[in-house]
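A short worksheet on the structure shown next.
Letters A, B, ... mirror the listed sequences (proteins, then strands); counts begin at 1.
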Protein chains: 2
Amino acid sequence: MTTITLAEVAKRAGVSTATVSMVLRNRGRISQVTRERVLKALDESGYVYNQTAANLRNRSSNQVGLLLHDITNPFYGEMTAGLSHEMERHELLLFLANSEESCERQQKFVDSLMRNNACGMVLCAARETPRAFFEALKRRNIPAIMVVRPPDDPGFDFVGTNNFLGTQMATAHLLQLGHRNIAFIGGSLRSGTRSQRIGGFTSKLLEHGIAPKAEWLVTAEASQSDGSRVAEVLLNRYPQITAAVCYQDIVALGVMQALRKMGREPGRDFALVGFDDISEAALVQPALTTVSVAAKEIGRKAGELLFSRIQGNDEPPKSIILPPALVVRTSCGFR
Amino acid sequence: MTTITLAEVAKRAGVSTATVSMVLRNRGRISQVTRERVLKALDESGYVYNQTAANLRNRSSNQVGLLLHDITNPFYGEMTAGLSHEMERHELLLFLANSEESCERQQKFVDSLMRNNACGMVLCAARETPRAFFEALKRRNIPAIMVVRPPDDPGFDFVGTNNFLGTQMATAHLLQLGHRNIAFIGGSLRSGTRSQRIGGFTSKLLEHGIAPKAEWLVTAEASQSDGSRVAEVLLNRYPQITAAVCYQDIVALGVMQALRKMGREPGRDFALVGFDDISEAALVQPALTTVSVAAKEIGRKAGELLFSRIQGNDEPPKSIILPPALVVRTSCGFR
DNA sequence: TTGTACGCGTTATCAT
DNA sequence: ATGATAACGCGTACAA
């Protein structure tokens with residue numbers, strides 16, 4: 001298949017390539033007559049615009065990257081949908097990559113984006129990403145928006161949830177139901193997100209005159225099984241605990257398992273709040289009360305911000321922190 | 001930021017651009033001495049390869065498109081992960097778009113891919129895609145692999161599941177457990193996939209001398225909420241139904257909700273089989289027995305096939321139909 | 001409106 | 001046996 005070029009269309013229309021180019025992009029002043037002749041020629045020839053050539057000439061592109069660490073996680077699926085929608089509005093193409101928490105793959109993707117002259121990117125960086133990665137990224141001087149996982153480096157735009165407020169709401173809910181012995185279960189020590197959530201938790205306790213106990217703040221991997229394991233140890237040692245705020249819904253599901261194993265029924269003998277509002281939360285018995293973060297909205301907002309940066313917005317880096325919402329179901333009892 | 005070009009690296013190394021290009025891509029004959037001088041210059045200059053220029057020159061690219069109709073669906077999340085992984089192996093970048101079942105957006109995406117000179121694509125076409133879309137696509141002469149939803153047109157490569165066999169297995173499982181009043185819940189009337197699954201379901205019933213009842217075959221949207229809604233209506237009207245094969249796991253999860261609302265416990269008072277084996281299936285209580293179609297594997301196989309097409313494989317179009325597997329968990333009772 | 005230099009890497013052809 | 005020269009891919013934008 002021979003590709004038809006601008007030049008060929010121009011010859012067919014009996015004009016110059018400059019004219020055709022202008023008609024194509026509605027620039028400059030072209031007379032109605034010529035315009036129509038060109039449009040006709042374009043139509044007849046089956047011309048396909050060569051974005052690559054244009055990009056080369058313009059030292060630009062219409063392509064942005066999205067890097068996630070787990071595209072399989074429904075939360076990121078939602079987020080991707082939000083971002084994708086926003087990109088489409090601006091005629092931008094979206095490159096997707098899944099780092100699977102590998103810093104190496106992550107770096108490769110970013111390098112690839114640079115080679116391909118991408119005009120921006122949205123990143124949810126792998127957990128152990130070295131500082132050097134961010135430093136290098138800043139030197140590249142390409143718009144980059146961080147999402148969900150707040151970067152240590154304040155030099156980047158960020159869109160995420162108000163983790164602090166989220167656990168404050170969760171904790172307030174438990175306090176209001178009369179609980180005083182409340183644990184915090186889950187998350188990794190090195191996680192910044194966890195720090196924020198812990199902050200909301202302890203600050204709310206203190207507001208109510210309760211001193212948080214360090215022994216009741218335990219970490220867990222992001223899995224049901226580890227949530228269960230950890231909860232069992234904790235609750236066996238401290239049976240006086242009657243409620244918990246969990247770092248994630250999956251962990252909360254694990255805690256439920258542990259409770260049952262120990263003969264305590266979640267929602268009746270123990271109150272449980274999760275975080276994320278994954279779809280399972282609504283399905284389990286008792287349905288999990290949880291903090292909902294609007295994943296789609298994070299994607300949309302990240303897209304909006306990225307687009308403005310691409311357009312040249314050079315305000316200082318900003319953080320867009322979306323407000324969470326407490327979804328009250330039945331895992332804290334009925335009322 | 002000034003972009004460093006091949007020419008500048010060449011000057012720095014005291015050689016021609018041709019030499020640098022050859023070193024970069026390990027082509028041609030370059031002496032060890034020169035090669036090292038060039039590598040040094042490359043390193044010192046902080047050169048970034050301009051893929052766009054190379055693509056323009058080569059009339060090719062390293063970019064493929066993935067079009068889905070619902071990236072939010074965990075099934076497609078898995079599939080995307082599989083494809084993404086495969087693309088990465090071959091140093092291909094993946095463009096993602098979400099048609100949300102809109103033929104217009106779908107067409108726009110494909111046009112965009114053509115303009116950007118993509119070298120191939122993987123499509124799960126929107127439901128009401130007109131024939132003209134496929135015709136046009138074939139004329140484009142660009143490698144395109146259809147996935148999951150079998151196209152009417154046999155002129156395309158296809159990777160998907162044996163839906164017929166899948167529901168046969170699911171149905172046989174329920175029959176073996178003694179169920180006789182079995183419903184089929186979910187899917188859209190216009191879906192070819194659904195026809196195949198219904199086919200497996202009814203054929204297996206008939207094998208066992210059971211006449212399928214049309215009233216027990218109900219449609220539902222691909223969401224928990226609609227699954228729940230539909231199941232409630234069905235089971236209220238026909239309380240004698242004791243089991244169901246669901247079109248999708250998400251629908252099955254909805255059915256679970258409905259059952260509980262009606263005071264029936266899934267896995268004890270009602271047996272449920274899903275389809276897809278999304279990750280939630282293993283997590284809910286009771287864990288969902290389901291037909292696994294190895295979503296990731298579909299993505300991988302599609303990627304493999306696409307790559308071979310890009311490499312010039314011009315065998316006639318083929319269909320890769322992956323065998324499903326029944327994953328028995330506890331939603332049909334314990335045994 | 002047009003002519004044309006330009007963006008930057010690639011590769012066939014030529015030179016040593 | 002090595003490496004240089006230069007035409008080329010195709011759309012863009014400025015000077016004329």
Is the closest basic N to carboxylate O distance between B:K11 and B:E8 below 4.0 Å?
-> no
SB check A:E104 A:K108 (cutoff 4.0 Å) | no
Using a cutoff of under 3.5 Å, can you pull out all pairs of nitrogen or oxygen atoms linking the protein to nucleotides 14-16 of chain C, with atom names and distances?
none

What residues, two or more places apart in sequence or in another chain, satisfy side-chain hydrogen bond (donor to acceptor under 3.5 Å, both in side chains) together with B:E100?
-> none
With sugar-phosphate meaning primed atoms plus P, OP1 and OP2, does B:V15 contact a base, only sugar-phosphate, or nothing at under 4.0 Å between heavy atoms?
-> sugar-phosphate
Show your reasoning for whether side chain to side chain donor-acceptor pair (under 3.5 Å) applies to B:Q106 and B:T129.
-> CA-CA 9 Å; B:Q106 172 171 274; B:T129 304; 3.0 Å; yes
Among all residues two or more places apart in sequence or in another chain, which pass the side-chain hydrogen bond (donor to acceptor under 3.5 Å, both in side chains) test with B:T34?
-> B:S31
Check the pair B:R35 / B:N26 against side chain to side chain donor-acceptor pair (under 3.5 Å), numbers first and verdict last.
-> CA-CA 10 Å; B:R35 149 165 286 121; B:N26 275 316; 3.2 Å; yes
Would you say C:dT1 has OP1 or OP2 under 4.0 Å from some side-chain N or O of A:T19?
-> no
Determine, for B:K301 against B:D157, whether the closest basic-nitrogen to carboxylate-oxygen distance falls under 4.0 angstrom.
-> no
Helix axis bend for the helix from C:dT1-D:dA16 to C:dT16-D:dA1 - C1'-based end axes, five pairs, 10° rounding = 50°
Starting from C1' on D:dA4, measure out to NZ on B:K11 and report it in whole angstrom.
-> 16 Å
Heavy-atom check, side chain of A:L322 versus side chain of A:I298, under 4.5 Å | yes
State, yes or no, whether a side-chain contact exists between A:M79 and B:I71 at a heavy-atom distance under 4.5 Å.
-> no
Between D:dT2 (P) and B:R37 (CZ): distance, integer Å | 14 Å
Please tabulate, for the side chains in residues 148-155 of chain B, all donor-acceptor contacts under 3.5 angstrom to protein atoms that are two or more places apart in sequence or on a different chain.
unit_1 : atom_1 : unit_2 : atom_2 : d
B:R149 : NE     : B:H69  : NE2    : 3.4
B:R149 : NH1    : B:E101 : OE1    : 3.2
B:R149 : NH1    : B:E101 : OE2    : 3.3
B:R149 : NH1    : B:A125 : O      : 2.9
B:R149 : NH2    : B:H69  : ND1    : 3.4
B:R149 : NH2    : B:H69  : NE2    : 3.1
B:R149 : NH2    : B:E101 : OE2    : 2.7
B:D153 : OD1    : B:K138 : NZ     : 3.2
B:D153 : OD1    : B:G155 : N      : 2.6
B:D153 : OD2    : B:K138 : NZ     : 2.8

Using a 4.0 Å heavy-atom cut-off, write out nucleotides 9-16 of chain D from 5' to 3' as B (base contacted by protein), S (sugar-phosphate only) or - (no contact).
-> BBBBB---
